[in-house]
Chemist: 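This structure is in structure tokens; I'll ask about it shortly.
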There are 2 protein chains.
Amino acid sequence: MESQELRNVGLKVTTPRLKILSLLEKSTEKHMTAETIYRLLSTGGEVIGLATVYRALAQFEAAGLITRHQFEGGQTVFELERGPHHDHIVCVRCGRVEEFYDKIIEERQRVISEKLGFTLSDHALTLYGECTPNCPKSHSA
Amino acid sequence: MESQELRNVGLKVTTPRLKILSLLEKSTEKHMTAETIYRLLSTGGEVIGLATVYRALAQFEAAGLITRHQFEGGQTVFELERGPHHDHIVCVRCGRVEEFYDKIIEERQRVISEKLGFTLSDHALTLYGECTPNCPKSHSA
DNA sequence: AATCAAATGAGAATGACTCTCATCATAAGT
DNA sequence: ACTTATGATGAGAGTCATTCTCATTTGATT
């Protein structure tokens, strides 16, 4: 039950929050914009405000339930925090997103921030490229 | 003379473009938002439109004269392309930006994208943290 | 069931950026 | 240098994502 997840992080259990959380859990698409979530729920017959979606996502992020990614080109997507940390590679043509994790890079980041006197709290690494030579040009998340 | 730089990249030499370019070259602050550039020039008595600043920056970026960085929190900054490539570490409290370059990370990125079948065209790596335990809370670029 | 703080939806407001368009300046040709 | 046409400019309107405001509703606690 998603209710427990909400209680665990100190958030009141409400209908909109449950709807959003369960959509994120069920959806095949791992990375969704606030708009997309709003649209999917609305199309599904739910009555929900866009502001509520943004509010809930911000809270989920603060609680560590989801992660926010700001890719170039202005698209901001949210992703359920399931497994361990990972970074992304985004196709600049079709928008496809793949994930990867590299121990060596993670390690280097720690070393670098330490050397510069920073207390590392977060990082954003995104690679951009073309996924295949004949990649389908458009894509909607 | 900055005029030559503009001609080299096929851009017409105009007053606003020269002003922006020379501000970027003279300023001690390496990373500036479009707003900041606009404000600095306006305060300096120049008559320039904000739209012109955005247009020029986009053209400079396309021409490879400057680089655009989208840091978290929505701030987009521009930086003159001087030396070789580097990444950034940003203080989440005061906004201070330091630069670094790590051969190993760069290398790993190539390997990873190759393994995933992508043709790497760009990447964005930004670390976030606190620069010192007693960091001055605010900062304006 | 009663209470009250917190959450919600709707729409207004904001902020960053882009577009439109009438005017103006630069580079090319004379 | 002078003219011209092409491209650039400034001002303000427009757009898009996100946040705020506020009257109303809901959920947790009693």
Side-chain angles (χ1 to χ4, degrees), chain A residues 1-21 31-63 65-66 68-78 95 140-141, chain B residues 1-21 23 31-39 41-63 65-66 68-78 95 140-141:
Chain A
M1 203 56 131
E2 290 98 5
S3 325
Q4 203 50 53
E5 293 184 56
L6 289 175
R7 284 198 200 88
N8 288 343
V9 298
L11 288 176
K12 209 185 250 188
V13 178
T14 68
T15 322
R17 299 215 258 240
L18 286 173
K19 300 249 182 67
I20 295 169
L21 205 50
H31 305 87
M32 286 194 279
T33 66
E35 264 303 317
T36 303
I37 293 169
Y38 171 69
R39 188 159 33 75
L40 285 177
L41 289 177
S42 296
T43 304
E46 308 295 346
V47 174
I48 193 169
L50 182 54
T52 304
V53 174
Y54 276 103
R55 273 186 295 236
L57 289 172
Q59 292 159 334
F60 293 174
E61 187 197 9
L65 292 178
I66 65 176
R68 175 195 306 255
H69 304 293
Q70 266 189 100
F71 296 148
E72 280 176 17
Q75 75 166 322
T76 301
V77 297
F78 296 86
S140 57
Chain B
M1 203 56 131
E2 291 97 5
S3 325
Q4 203 51 53
E5 293 184 57
L6 289 174
R7 283 197 201 89
N8 288 343
V9 299
L11 288 175
K12 210 184 248 188
V13 178
T14 69
T15 323
R17 300 215 258 240
L18 286 172
K19 301 247 184 67
I20 295 169
L21 206 47
L23 174 63
H31 305 88
M32 285 193 278
T33 66
E35 266 299 319
T36 303
I37 293 169
Y38 171 70
R39 189 159 32 75
L41 290 176
S42 297
T43 304
E46 309 293 347
V47 174
I48 193 168
L50 181 55
T52 304
V53 174
Y54 276 104
R55 273 186 295 235
L57 290 172
Q59 291 159 336
F60 292 175
E61 188 198 8
L65 292 178
I66 64 175
R68 175 195 305 255
H69 304 293
Q70 268 189 100
F71 295 149
E72 281 175 17
Q75 76 166 319
T76 300
V77 299
F78 296 86
S140 58

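In what follows, chains carry the letters A, B, and so on, assigned in the order in which the sequence lines appear, proteins first and then strands, with residues in each chain numbered from 1.
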Chemist: In this structure, how many angstroms lie between the C1' atom of dC16(D) and the CD atom of Gln75(A), rounded?
Modeler: 14 Å

Chemist: Return the nearest nucleotide to the side chain of Ala34(A); candidates are dT18(D), dT8(C), dT26(C).
Modeler: dT18(D)

Chemist: How close or far is atom C1' of dG15(C) from atom CZ of Arg39(B), stated in whole angstroms?
Modeler: 14 Å

Chemist: dT18(D) P sits how many Å from Glu61(A) CD, rounded?
Modeler: 12 Å

Chemist: Nearest whole Å is fine: how far is dA8(D) C1' from Phe60(B) CZ?
Modeler: 12 Å

Chemist: For a quick test of reading the model: is some side-chain N or O of Arg17(B) closer than 4.0 Å to OP1 or OP2 of dA8(D)?
Modeler: yes

Chemist: Nearest whole Å is fine: how far is dG9(C) P from Lys19(A) NZ?
Modeler: 8 Å

Chemist: For Val13(A) and Phe78(A), find the nucleotide of DNA chain D closest to each by heavy atoms; which residue's nucleotide sits nearer the 5' end?
Modeler: Phe78(A)

Chemist: Between Val13(B) and Gln4(B), does the side chain to side chain contact (heavy atoms under 4.5 Å, CB included) criterion hold? Intermediate values first, please.
Modeler: CA-CA 8 Å; Val13(B) 178; Gln4(B) 203 51 53; over 6 Å; no

Chemist: Return yes if the base of dG9(C) and the side-chain atoms of Arg55(A) contain a donor-acceptor N/O pair under 3.5 Å, otherwise no.
Modeler: yes

Chemist: If each of Glu35(B) and Pro16(A) is mapped to the nucleotide of DNA chain C with the nearest heavy atom, which maps nearer the 5' terminus, i.e. the 5' end?
Modeler: Pro16(A)

Chemist: Ignoring backbone atoms, test whether Thr52(B) places a side-chain nitrogen or oxygen under 4.0 Å from the OP1 or OP2 oxygen of dA8(D).
Modeler: no

Chemist: Strictly below 4.0 Å: does Thr15(B) bring a side-chain N or O up to OP1 or OP2 of dC24(C)?
Modeler: no

Chemist: Heavy atoms only: give me the nearest Phe60(A)-Ile20(A) pair and the separation to one decimal.
Modeler: CE1-CG2, 3.9 Å

Chemist: Using a 4.0 Å heavy-atom cut-off, does Leu50(A) contact any base of the nucleic acid, only the sugar-phosphate backbone, or nothing at all?
Modeler: base

Chemist: Quick check: closest heavy atoms across Leu18(B) and Ser3(B), and the distance to 0.1 Å?
Modeler: CD2-N, 3.7 Å

Chemist: Starting at CG of Leu57(A) and ending at C1' of dT8(C), how long is that distance when rounded to a whole Å?
Modeler: 15 Å

Chemist: Under 4.0 Å from OP1 or OP2 of dT9(D): is there any side-chain N or O of Thr14(B) that close?
Modeler: yes

Chemist: Of the non-hydrogen atoms in Leu6(B) and Lys12(B), which two are nearest, and what is the gap between them?
Modeler: CD1-O, 4.4 Å

Chemist: Against Pro16(B), only a single residue in Thr52(B), Val47(B), Val53(B) fulfils side-chain contact (heavy atoms from CB on, under 4.5 Å); can you say which?
Modeler: Thr52(B)

Chemist: In whole angstrom, what separates Glu46(B)'s CD from dT9(D)'s P?
Modeler: 14 Å

Chemist: Taking only side-chain nitrogens and oxygens of Tyr54(A), does any of them come within less than 4.0 Å of OP1 or OP2 of dT18(D)?
Modeler: yes

Chemist: Of Thr76(B) and Leu11(B), whose nearest nucleotide on DNA chain C comes first from the 5' end?
Modeler: Thr76(B)

Chemist: Distance check needed: dA7(C) P versus Arg7(A) CZ, whole Å only.
Modeler: 14 Å

Chemist: Between dT26(C), dG10(D), dA5(C), which one does the side chain of Lys12(B) approach most closely?
Modeler: dT26(C)

